[in-house]
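One is the number of the first residue; the rest follow in order along the sequence. Counting starts at 1 for both ligands and their atoms, in listed order.
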Amino acid sequence: MTAVNPTPPRALTIAGSDSGGAAGLEADLRAMTACGVHGCVAVTAVTVQNSLGVSGVHLVPAETVAAQVRAVVTDIGVGAAKTGMLASREIIDAVADVVDEVGIGRGPRRTPFVVDPVAASMRGDPLLTEDAMEAIRTRLFPRAELATPNLDEVRLLAGIAVTDAATAREAAEALHAMGPRYVLVKGGHLRGSPEVVDLLFDGEQTWEFSGPRIDTPHVHGAGDALASATCAALARGLSMPDAVASAERYIRRAVAESYPLGAGVGPVSPFWAVQAHV
Ligand SMILES: Nc1ncnc2c1ncn2[C@@H]1O[C@H](COP(=O)(O)OP(=O)(O)OP(=O)(O)O)[C@@H](O)[C@H]1O
Ligand SMILES: Cc1ncc(COP(=O)(O)O)c(N)n1
């Protein structure tokens, strides 16, 4: 007898590939799977990458990136989409145009769009050309339901150095004024602090997600996994504050169970969530 199972919720990541399998679309798909969602991909770039860094980048043509988004949305359909490494201004322009075309974006009648403004790898290797951050700000932030910058990206986008709760709030306000409906200022890079505090802001209300800093160097892919877990929760129909809260619970366990890989920095682990089901 043929078993016909229900189709699970789907989400789309528009991101680059990490050959080390720690960050990028590989991290995104693992996090989406662990969070109960079928992940689809529009690949923007192939990186030559391992635990020690990025030694090569090969860009996918912008029209091929847009065509992947179109192919996924028109046939499979998704409940939410996110961006990771977008690599170039041309790809950002193509993504801005195609999300408008297929109904992904900001506001109640659009499929929720999470913009993770990835600028560099955690080791500082550039993942975006220099003129492209401005394009993320002007072309993608006004279309974003949620933007998820880390503190280096906050500095590039808003010129604010976050050092405490007051400057995190100031940054959230400045970034919100650039267009996203919600902003999540991620505190992982405030290395001296014993607590990690992520701040969600919708222009009026703030939600603070805090917990002890877990003592591990292996946080490769943490930002990708957090944005993807949020995207998965949105695809399952959660509200933004609930989706971020669920992703925050997910990422803290994933950081706690991170593991060494190669000679450099290892990844956060999605396995705890999968193992709960096997
Ligand atoms: N040592 C840690 N302990 C607890 N939580 C952490 C730790 N490091 C990262 N996190 C969680 O992961 C989230 C993403 O990390 P981070 O702020 O470093 O963003 P990112 O730079 O985009 O991530 P990455 O570059 O590692 O992919 C943080 O906001 C925090 O919730
Ligand atoms: C293809 C790709 N996308 C994103 C990241 C950022 O992740 P991290 O900040 O953990 O290096 C990366 N290193 N590679």
Relative to the heavy atoms of L127, which atoms of ligand 2 are at a distance of less than 4.0 Å?
4 (C), 5 (C), 6 (C), 12 (C), 13 (N), 14 (N)

A student checking ligand 2 against G221 at a 4.0 Å heavy-atom cut-off should list atoms 10 (O)

Would one find an N or O of G16, backbone or side chain, under 3.5 Å from an N or O of ligand 2?
no

Is there any N or O on H220 that sits under 3.5 Å from an N or O of ligand 2?
yes

[atom]: which of [options] has the nearest heavy atom?
atom                    : options                : value
atom 20 (P) of ligand 1 : N150, D198, V197, D116 : N150
atom 24 (P) of ligand 1 : G223, G84, G211, S210  : G223
atom 8 (P) of ligand 2  : M85, H189, M122        : M122
atom 17 (O) of ligand 1 : G24, G188, A227        : G188
atom 13 (N) of ligand 2 : R123, Q49, E153        : Q49

Would you call G84 a ligand 2 contact, heavy-atom distance under 4.0 Å?
no

Of all the heavy atoms in A15, does at least one lie under 4.0 Å from an atom in ligand 2?
no

I want to know if ligand 1 touches [X] in the polar sense, i.e. an N/O pair below 3.5 angstrom.
X    : value
A222 : yes
H189 : yes
K186 : yes

Under 4.0 Å from any heavy atom of R213, which atoms of ligand 1 are there?
1 (N), 3 (N)

Would a distance-only check, ignoring hydrogens and angles, find a side-chain to backbone donor-acceptor pair under 3.5 Å from Q49 to S19?
no

Taking the side chain as every heavy atom from C-beta outward, state whether D97 and V95 have any pair of such atoms under 4.5 Å apart.
no

Got a salt bridge between [X] and [Y], using NZ or NE/NH1/NH2 to carboxylate O under 4.0 Å?
X    : Y    : value
E101 : R70  : yes
K82  : D28  : yes
R181 : E145 : yes
D164 : R169 : no

